[in-house]
Amino acid sequence: MKPLIHFVHGKESGPWGTKIRHLADIAREMGYDVESLDYSSTFDPETRVEMLVNSCNTRPAQYLVGSSMGGWVAMTASAFVPVRGLFLLAPAIDIEGYPPYRLGCDGNSVEIVHGWHDSLIPVENITRFSMKHRCTLHLVDDEHRLKNRLPQIGDYMISFLKRMEKHPE
């Protein structure tokens with residue numbers, strides 16, 4: 001069985017939006033299976049964590065890729081299910097109305113892409129988190145959806161997965 005990458009969409013997007021389709025195609029080309037649940041039945045981030053944890057308990061994922069609220073969900077789920085790494089896009093870190101995140105991965109196993117012009121999640125939240133956990137952080141000239149940087153984000157994900165596979169735990 002191929003290793004699994006679980007994609008986690010944002011609050012108001014869907015399981016197979018543009019970013020996820022783009023990155024899932026890359027993951028498949030690299031030999032991974034991909035999964036993306038539909039979380040649109042709830043806006044509660046903790047309920048989404050439960051959904052992801054239940055899915056990962058059924059079939060463990062090697063990596064979680066989360067966008068916006070999905071980044072928060074992926075981070076927090078990593079405290080409950082073992083994963084090798086997290087690839088996060090504009091993750092909802094330290095946002096009002098969200099519970100405190102939990103993180104089950106070492107910072108070296110976390111890579112983040114965030115837009116300088118993100119009006120929903122302040123770049124300061126992401127830089128503070130990245131410094132605290134010593135994560136790899138890519139700041140790009142884009143906004144929250146990162147729609148103008150898909151090829152670049154794909155390159156970052158390829159590099160992340162290659163780095164993680166080169167240095168198994």
Side-chain angles (χ1 to χ4, degrees), residues 1-45 47-78 81 83-93 95 98 101 105 109-121 123 126 135-166:
M1 184 179 297
K2 295 178 182 179
L4 178 66
I5 296 178
H6 226 300
F7 290 87
V8 188
H9 68 79
K11 182 177 182 178
E12 295 179 2
S13 58
W16 296 105
T18 304
K19 280 187 298 231
I20 290 177
R21 280 195 324 268
H22 179 76
L23 296 175
D25 286 346
I26 291 169
R28 286 185 194 102
E29 288 173 17
M30 293 181 72
Y32 292 92
D33 276 344
V34 298
E35 179 63 64
S36 185
L37 298 177
D38 186 352
Y39 299 94
S40 61
S41 63
T42 181
F43 285 159
D44 178 54
T47 300
R48 289 182 179 202
V49 169
E50 290 175 25
M51 293 168 69
L52 178 57
V53 167
N54 288 339
S55 181
C56 289
N57 283 335
T58 301
R59 180 166 179 214
Q62 292 283 314
Y63 301 100
L64 302 177
V65 177
S67 179
S68 193
M69 178 190 271
W72 186 94
V73 170
M75 281 191 310
T76 302
S78 76
V81 293
V83 293
R84 296 211 45 226
L86 299 169
F87 188 76
L88 307 173
L89 309 171
I93 294 173
I95 299 298
Y98 282 64
Y101 67 83
C105 289
S109 302
V110 180
E111 195 151 326
I112 300 172
V113 182
H114 198 80
W116 279 110
H117 309 290
D118 192 322
S119 61
L120 298 177
I121 300 162
V123 70
I126 306 307
C135 305
T136 299
L137 173 61
H138 305 280
L139 292 171
V140 297
D141 187 20
D142 207 347
E143 44 78 40
H144 182 69
R145 294 182 61 209
L146 299 167
K147 63 183 178 183
N148 300 314
R149 296 298 179 143
L150 283 181
Q152 187 175 3
I153 292 168
D155 290 344
Y156 290 148
M157 190 180 79
I158 291 167
S159 174
F160 168 73
L161 292 171
K162 286 181 177 179
R163 176 175 61 84
M164 295 302 296
E165 294 303 323
K166 190 180 281 190

Taking side chain to side chain contact (heavy atoms under 4.5 Å, CB included) as the test, write out the residues that go with Arg21, two or more places apart.
Trp16, Thr18

Are Gln62 and Ile5 close enough, and set up right, to give a side-chain contact (heavy atoms from CB on, under 4.5 Å), and what steps lead you there?
CA-CA 6 Å; Gln62 292 283 314; Ile5 296 178; 5.6 Å; no

Under the ring-ring contact (aromatic ring centres under 6.0 Å, His included) test, residues paired with Phe160 that sit two or more places apart:
Tyr63, Phe87

Just verifying a value: how many Å separate Met157 CE and Glu111 CD, rounded to the nearest 0.5 Å?
11.0 Å

Is the closest side-chain heavy-atom distance between Pro3 and Tyr32 below 4.5 Å?
yes

List the steps, then state whether side-chain contact (heavy atoms from CB on, under 4.5 Å) holds for Leu88 with Met75.
CA-CA 8 Å; Leu88 307 173; Met75 281 191 310; 3.5 Å; yes

Apply side-chain contact (heavy atoms from CB on, under 4.5 Å) to the pair Glu165 and Arg84, showing each step before the final yes or no.
CA-CA 9 Å; Glu165 294 303 323; Arg84 296 211 45 226; 3.1 Å; yes

4.5 Å side-chain heavy-atom contact, Ile26 and Met30:
yes

Set of side chain to side chain donor-acceptor pair (under 3.5 Å) partners for Ser36, sequence neighbours left out
none

Closest heavy-atom pair and its distance - Ile121, Ile126:
CG2-CD1, 3.8 Å

With a 4.5 Å limit on heavy-atom distance, are the side chains of Asp118 and Val123 in contact?
no

Would you say the side chain of Pro91 lies within less than 4.5 Å of the side chain of His114, judging by non-hydrogen atoms?
yes

Closest non-hydrogen atom pair between Leu64 and Cys56, with its separation:
CD2-SG, 4.2 Å

Partners passing side chain to side chain donor-acceptor pair (under 3.5 Å) against Asp141 (at least two apart in sequence or in another chain)
His117

Taking all atoms of both residues into account, what is the closest heavy-atom pair of Arg48 and Ser40, and its distance?
NH2-CA, 4.2 Å

In Å and rounded to the nearest 0.5 Å, what is the OG to CZ distance from Ser119 to Arg145?
11.5 Å

The side chain to side chain contact (heavy atoms under 4.5 Å, CB included) partners of Gln152 (sequence neighbours excluded) come to Val140, Arg149, Tyr156

Value rounded to 0.5 Å, distance of CD1 in Ile95 from NZ in Lys11
10.5 Å

Would you find a donor on one side and an acceptor on the other, under 3.5 Å apart, between the side chain of Lys147 and the backbone of Asp142?
no

Can you sort out the partners of Asp25 under side chain to side chain donor-acceptor pair (under 3.5 Å), two or more places apart, ordered by chain and number?
Arg28

Can you name the closest pair of heavy atoms from Ile20 and Val8 and give their distance?
CD1-C, 4.4 Å

Taken in chain and number order and not counting sequence neighbours, the residues that satisfy ring-ring contact (aromatic ring centres under 6.0 Å, His included) with His144 are none

Holding to side chain to side chain contact (heavy atoms under 4.5 Å, CB included), I want the full list of residues that pass it with Asp44, two or more places apart in sequence or in another chain.
Thr42, Glu46, Thr47

Residues two or more places apart in sequence or in another chain: which of them pass ring-ring contact (aromatic ring centres under 6.0 Å, His included) with His9?
Tyr39

Residues that Lys2 engages under side chain to side chain contact (heavy atoms under 4.5 Å, CB included), provided they are two or more places apart:
Asp33

Using a 4.5 Å cut-off on heavy atoms from C-beta on, say whether the side chain of Tyr98 contacts that of Ile93.
no

Which atom of Leu86 lies closest to which atom of Ser78, heavy atoms considered
CD1-OG, 3.9 Å

Report yes if the side chains of Glu35 and Arg59 come closer than 4.5 Å at any heavy-atom pair, otherwise no.
no

Step by step, would you call Leu37 with His6 a side-chain contact (heavy atoms from CB on, under 4.5 Å)?
CA-CA 8 Å; Leu37 298 177; His6 226 300; 3.6 Å; yes

Straight-line distance of Phe7 CZ to Lys19 NZ, nearest 0.5 Å:
12.0 Å

Roughly how far apart are Ile158 CD1 and Ile153 CD1, rounded to 0.5 Å?
12.5 Å

If you look at every heavy atom in His22 and Gly154, which pair is closest and at what distance?
NE2-CA, 4.2 Å

